[in-house]
**Q** 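Right, I'll just put the structure down here and ask away after.
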Amino acid sequence: MKYETVHGVSIPKLGFGTWKLGGDSYPDPNLDSVSLTAVRTALEVGYTHIDTAEGYAAGHAEELVGRAVRETNPKRENLFITTKVSPEHLQYEQVLKSCENSLRRLNMDYIDLYLIHWPRVGMKLEETFRALNRLVQNGTVRHLGVSNFNLKLLKQAQSFSETPILTDQVPYNLPDRSYVKNGVLEYCQQNDILLTAYSPVNKTLRAIADAHSVTPYQIALAWLVAQPRVITIPMSLNVQHIKENFEAENIELTEEEFKRLSELW
C-alpha cells in the first residue's frame, strides 16, 4: 500500500469513501445489506482508511462503518478513521456534541481525523477551532482537517488550529481542476497539507485503460495517486469495483500517459 506522510502521520493514498452508504441525506434501511457488504469487502481487501461523516445518511453511514468494523474485527490501531462535523454544527458546544455522537455511532474511542465538512457563511471559525483544539487535547480526536475550503479559509483554519491541518478534502479529478486553479493544490503541496480528492472518477479514459488492461476508473485513480500530497477516497457499493479501486494504486502510468491525462481538460 502506498502512503503519504505529513507531520509524522502516514495515511494510505487510497481510502474508502462512504457517501451514499446507507442512504442519501436520510437513512434507507433497504441499503443496509449492500452497504455493510461494501464496507466489509473494503476492509477485507485491505483498505485501512475509511472516510465518513455525520451528514451521510444522517449519521447512519457512521453506524454501518462501526458495525462492519466490529464484524470484520481488524485491529483499531491499524485503521485510520475520518469523519466530519456538519456545517450546521460549528458552534463550540455543537462541535463537542457532534463528535460525541459520531464516536457513539462508530462505537469507537477516538477519531483519527476530524474535518469541518463544509464552510458556512457567517461561521465563527475561531470558535469552531476552539472546540476542535479541545477534542485534540483530550485525545478524542487525533488530527484535524477541513473540507471544501478555499485558499483563504484554509489559511484561516491553519491560524486557529493548535496542531497542523492534515488535509483539505475537495472535489478533484480529471475534468474538475477548480482547486488547481484557485491555488489550493499548489499550496497544499508546498505546505505539507494533504489534498484529499473526492468524486475522483470519470469515464473518458478508455484508450489508456485498454493499454493497461484495466478500467477507466482505475486509470483515473492511478492518475491521482501518482501526484505528491494527493490522496483519494473512491466510493462504491459494487464488490468488484471496490476490489478494482484498491488495485488501482499498483498501476504505473508512464510520464507520457500522465501528461496526456493531465492535459485532457
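In this chain, numbering begins with 1 at the start of the sequence shown. In what follows, every heavy atom counts, from backbone to side chain, and hydrogens, waters and symmetry copies are set aside.
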**Q** Can you check salt bridge (Lys or Arg N to Asp or Glu O under 4.0 Å) on R229 and D192, steps first, answer last?
**A** CA-CA 7 Å; R229 292 295 180 259; D192 269 351; 2.9 Å; yes

**Q** So does L103 get a backbone contact from the side chain of N101, meaning a donor-acceptor N/O pair under 3.5 Å?
**A** no

**Q** Applying a strict under-4.5 Å side-chain criterion to I, L, V, M, F, W and Y, I'd like to know whether Y3 and I233 cluster together.
**A** no

**Q** With no hydrogens and no angle check, just 3.5 Å: does a side-chain donor-acceptor pair link D32 and H60?
**A** yes

**Q** Test of understanding: with ring pair (Phe, Tyr, Trp, His ring centres under 6.0 Å), list the residues that count as partners of Y114, not counting sequence neighbours.
**A** none

**Q** Compute whether any side-chain donor of one residue and acceptor of the other, for Q94 and E88, lie under 3.5 angstrom apart.
**A** no

**Q** Say you draw a straight line from CD1 of I50 to CE of M235; how long is it, rounded to the nearest 0.5 Å?
**A** 11.0 Å

**Q** Would you say the side chains of E54 and S102 form a donor-acceptor pair under 3.5 Å?
**A** no

**Q** Y110 and L144: same hydrophobic cluster, using ILVMFWY side-chain contacts below 4.5 Å?
**A** no

**Q** H212 and Q218: side-chain hydrogen bond (donor to acceptor under 3.5 Å, both in side chains), yes or no, with the steps?
**A** CA-CA 10 Å; H212 287 265; Q218 289 174 298; over 6 Å; no

**Q** Between E62 and T83, is any side-chain donor less than 3.5 angstrom from a side-chain acceptor?
**A** yes

**Q** Strictly under 6.0 Å, is that where the ring centroids of H117 and Y56 end up?
**A** yes

**Q** Does one hydrophobic cluster hold both Y217 and W19, with members joined at side-chain heavy-atom distances below 4.5 Å?
**A** no

**Q** Looking at T232 and L224, what are the two nearest heavy atoms and their distance?
**A** OG1-CD1, 3.7 Å

**Q** Between W118 and V184, is there a shared hydrophobic cluster once you connect ILVMFWY residues whose side-chain heavy atoms come closer than 4.5 Å?
**A** no

**Q** Can you spot which of L237, I242, L21 makes a side chain to side chain contact (heavy atoms under 4.5 Å, CB included) with V39?
**A** L21

**Q** How far apart are the C-alpha atoms of Q169 and D51, what are their side-chain angles, what is the distance that settles it, and do they pass the side-chain hydrogen bond (donor to acceptor under 3.5 Å, both in side chains) test?
**A** CA-CA 11 Å; Q169 186 177 124; D51 179 279; 2.9 Å; yes

**Q** Kindly check if the number of other-residue, nucleotide or ligand heavy atoms within 6.0 Å of CD (E255) is above 12?
**A** no

**Q** Just verifying a value: how many Å separate H89 NE2 and T128 OG1, rounded to the nearest 0.5 Å?
**A** 12.0 Å

**Q** Evaluate side-chain hydrogen bond (donor to acceptor under 3.5 Å, both in side chains) for Q137 paired with E162, printing each intermediate quantity in order.
**A** CA-CA 9 Å; Q137 290 165 4; E162 294 176 355; 2.8 Å; yes

**Q** Using the salt bridge (Lys or Arg N to Asp or Glu O under 4.0 Å) rule, take R40 and E71 through it: C-alpha gap first, then chi angles, then the decisive distance, then the call.
**A** CA-CA 8 Å; R40 285 197 296 259; E71 291 176 355; 2.5 Å; yes

**Q** Shared ILVMFWY cluster between Y47 and V239, side chains joined below 4.5 angstrom?
**A** no

**Q** Does a side-chain heavy-atom distance below 4.5 Å link I193 with Q158?
**A** yes

**Q** A side-chain contact here means heavy atoms from C-beta on lying under 4.5 Å apart; do V65 and L106 qualify?
**A** yes

**Q** Could you check C188 against T167 for side-chain contact (heavy atoms from CB on, under 4.5 Å), going step by step and ending with a plain yes or no?
**A** CA-CA 8 Å; C188 286; T167 190; over 6 Å; no

**Q** So, applying side chain to side chain contact (heavy atoms under 4.5 Å, CB included) with C99, which one of V85, I111, L132 is it?
**A** I111

**Q** Search all heavy atoms of A57 against all heavy atoms of P27 and return the closest pair with its distance.
**A** O-CG, 3.3 Å

**Q** Might you point out which heavy atoms bring S262 and R177 nearest each other, and give the distance in Å?
**A** O-NH1, 3.0 Å

**Q** Once rounded to the nearest 0.5 Å, what's the spacing between atom CG of L90 and atom OG of S98?
**A** 8.5 Å

**Q** Under 4.5 Å between any side-chain heavy atoms of Q190 and E186, yes or no?
**A** yes

**Q** Please check if any side-chain donor atom of N238 sits under 3.5 Å from a side-chain acceptor atom of S236, or the reverse.
**A** no

**Q** Determine whether L195 and Q189 satisfy the following criterion, side-chain contact (heavy atoms from CB on, under 4.5 Å), listing intermediate values before the conclusion.
**A** CA-CA 8 Å; L195 184 140; Q189 289 174 329; over 6 Å; no

**Q** Specify the closest pair of heavy atoms between I251 and A222, including all atoms of both residues, with the distance to one decimal.
**A** CB-CB, 3.9 Å

**Q** Quick one: sort the F160 and F129 rings into parallel, tilted or perpendicular, breaks at 30° and 60°.
**A** tilted

**Q** With a 4.5 Å cut-off on side-chain heavy atoms, are I208 and R260 touching?
**A** yes

**Q** Checking salt bridge (Lys or Arg N to Asp or Glu O under 4.0 Å) for the pair E100/K97: CA distance, chi angles, key distance, verdict?
**A** CA-CA 5 Å; E100 178 185 330; K97 188 64 176 178; 3.5 Å; yes

**Q** Evaluate the side-chain proximity of K84 to I116: yes if any heavy-atom separation is below 4.5 Å, no if none is.
**A** no

**Q** Roughly how far, to the nearest 0.5 Å, is CZ of R142 from CG of L135?
**A** 13.0 Å

**Q** Can you tell me how far apart OG1 (T254) and CD (E257) are? Round to the nearest 0.5 Å.
**A** 3.5 Å

**Q** Salt bridge (Lys or Arg N to Asp or Glu O under 4.0 Å) for K2 and E252? Distances and angles first, verdict last.
**A** CA-CA 12 Å; K2 296 178 180 178; E252 298 292 340; 3.3 Å; yes

**Q** Closer than 4.0 angstrom, basic N to acidic O: yes or no for D28 and K20?
**A** no

**Q** Hey, what else clusters with I11 if you join Ile, Leu, Val, Met, Phe, Trp, Tyr whenever side-chain heavy atoms sit under 4.5 Å?
**A** V6, V9, F80, L113, L115, L166, L194, I231

**Q** Quick check: W223 with Y172 (ring centres under 6.0 Å apart)?
**A** yes

**Q** Is the closest side-chain heavy-atom distance between Q156 and E126 below 4.5 Å?
**A** no

**Q** Do you know the tightest heavy-atom contact between A131 and L96?
**A** O-CD2, 3.8 Å

**Q** Measuring from L43:CG to F16:CZ, what's the distance to the nearest 0.5 Å?
**A** 8.5 Å

**Q** Over all heavy atoms of both residues, which pair between S161 and N133 is shortest? Give the atoms and the distance, please.
**A** CA-OD1, 3.7 Å

**Q** Counting only heavy atoms not in N78 (residues, nucleotides, ligands), do more than 12 fall under 6.0 Å from its CG?
**A** yes

**Q** Is there a side-chain contact between I81 and R76 (heavy atoms, below 4.5 Å)?
**A** yes

**Q** Test your reading of the model: is there a side-chain donor-acceptor pair from N138 to the backbone of T140, 3.5 Å cut-off?
**A** yes

**Q** Counting C-beta onward and ignoring hydrogens, is there a side-chain heavy-atom pair between T196 and V170 closer than 4.5 Å?
**A** no

**Q** Give every residue pair that meets the side chain to side chain donor-acceptor pair (under 3.5 Å) criterion with at least one member in residues 144-153, sequence neighbours excluded.
**A** N148-Y198

**Q** After noting the C-alpha distance and the side-chain angles of H49 and T82, does the key distance pass the side-chain hydrogen bond (donor to acceptor under 3.5 Å, both in side chains) rule?
**A** CA-CA 7 Å; H49 177 197; T82 298; 3.0 Å; yes

